[in-house]
Amino acid sequence: MKVLTFGEALFDIIEGSAHLGGAPLNLAAHLAKLGAKPAVLTAVGRDKLGKILISRAKEMGVDTSYILIDDKRPTGTVTVKLEDEGIPLFAINEGVAWDAITPDERRFEALAAEEWDVFCFGTLAQRSEENRKTLKRLLSGIKAKHFFYDVNLRAGFYRKEWILSSLEHSTILKMNEEEAVTISSMLFGTTYACRTLCRLLMDRYQKISVICITKGPEGAAVYQDGVYEEIKTTPVEVADTVGAGDAFSAGFLYAYLSGYGVSKAASIACTLGTYVASKPGAVPEYSEELMKELGMRL
Ligand SMILES: OC[C@H]1O[C@](O)(CO)[C@@H](O)[C@@H]1O
């Protein structure tokens with residue numbers, strides 16, 4: 001399974017300790033752990049953190065050949081404050097390496113020459129003009145069976161026009177419950193229930209064939225071919241919810257692209273997302289128990 005993710009790669013500083021982070025990198029790391037072959041198109045600085053990030057990503061089985069090195073900007077960092085129930089508040093530094101993901105012609109050609117199973121992107125990296133340009137080129141130049149858009153809104157770093165153009169290009173859409181409320185009022189001027197929102201989005205965006213909505217401890221919902229289904233998850237004690245959504249995405253994509261139906265894929269995704277919420281950071285080690293469970297279900 002060949003996956004390309006595009007966007008931020010960084011370190012989350014959660015209560016003083018550094019963890020690998022950035023939704024596209026988290027997603028790739030989980031996909032690699034599950035057995036896919038993910039590559040990340042991002043940028044780090046020519047600094048110590050950048051070196052560590054690349055070597056950790058490599059160790060986990062992520063293809064780092066599209067991680068660009070920026071001579072001027074530092075590797076991205078995010079300070080994460082945890083609110084009640086491990087809900088994170090992000091202070092996302094600006095002017096960092098992943099704000100200028102600008103591959104040269106040779107790299108663009110290499111990316112366009114490959115056949116990807118899925119190309120994954122989000123909203124945050126679109127905060128810079130350089131990245132919006134790169135993304136535009138990728139969305140029209142890359143050969144991928146699926147275009148996975150994780151809405152993943154971060155306060156202060158999204159605009160309606162970026163979301164609308166992202167929706168135009170996606171075939172699989174993922175958001176959480178709060179993002180569903182934002183999207184609903186942004187697009188339709190009112191807060192529709194998730195089921196109605198899914199139907200309206202699919203009527204409007206012909207390319208979208210699957211929508212996932214994560215609901216924290218409640219589990220998730222998945223919508224395909226007019227069928228809306230809710231998947232329950234077993235609640236856990238939460239360490240922090242950082243990266244739980246990214247782990248959900250990885251579990252869903254891995255299972256769905258392996259040929260499982262959307263409800264089974266969403267259930268596996270919930271297992272992985274819940275596990276990540278129970279551990280500090282976005283990409284914790286997998287326990288024996290988790291691997292056994294995934295092994296039995298995949
Ligand atoms: O990508 C932006 C932020 O969101 C996360 O990916 C979690 O979903 C963090 O690791 C990162 O700081």
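Atoms within each ligand, like the ligands themselves, are counted from 1 in listed order.
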Under 4.0 Å to a heavy atom of [X] - the qualifying atoms of ligand 1, by number:
| X | value |
| --- | --- |
| Gly21 | 10 (O) |
| Leu10 | 12 (O) |
| Val78 | 12 (O) |

Is there a side-chain contact between Val118 and Val3 in this structure, where contact means two heavy atoms from C-beta onward sitting under 4.5 Å apart?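 The answer is yes; the side chains approach within 4.5 Å.
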Once you restrict to heavy atoms under 4.0 Å, what part of Val80 touches ligand 1? Side chain, backbone, both or neither.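 Under 4.0 Å from ligand 1, Val80 contributes no heavy atoms.
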Nitrogen or oxygen of Asn26 less than 3.5 angstrom from that of ligand 1: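 It does: an N or O of Asn26 is found under 3.5 Å from an N or O of ligand 1.
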Check ion pair Arg154-Glu94 (N to O, under 4.0 angstrom):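 Salt bridge absent between Arg154 and Glu94.
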Asp99 with Arg73: basic N within carboxylate O range, under 4.0 Å: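 Here Asp99 does not pair with Arg73 in a salt bridge, since their nearest N and O are not under 4.0 Å apart.
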Looking at ligand 1, would Gly245 count as a contact under a 4.0 Å heavy-atom criterion?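 No; Gly245 lies far enough from ligand 1 that no heavy-atom distance drops under 4.0 Å.
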Nearest-neighbour protein heavy atom for [atom], which is reported as residue plus atom name and distance:
| atom | value |
| --- | --- |
| atom 6 (O) of ligand 1 | Ala23 N, 2.8 Å |
| atom 4 (O) of ligand 1 | Arg154 NH2, 3.0 Å |
| atom 12 (O) of ligand 1 | Asp12 OD1, 2.5 Å |
| atom 1 (O) of ligand 1 | Glu8 OE2, 2.6 Å |

Taking the six-membered ring for Trp and the full ring for Phe, Tyr or His, determine whether the centres of Tyr286 and His30 are under 6.0 Å apart.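 Centroid distance Tyr286-His30: below 6.0 Å, so yes.
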Within a radius of less than 6.0 Å around CD of Glu130, do more than 12 heavy atoms belonging to other residues, nucleotides or ligands occur?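 Check passes, neighbour count above 12.
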With distance as the sole test, does Thr75 use its side chain to make a donor-acceptor pair with the main-chain N or O of Gly50 at under 3.5 Å?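 Here the side-chain-to-backbone pair exists.
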If you measure from NE2 on His169 to CD1 on Ile142, what distance do you get to the nearest 0.5 Å?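 The NE2 atom of His169 sits 12.0 Å away from the CD1 atom of Ile142.
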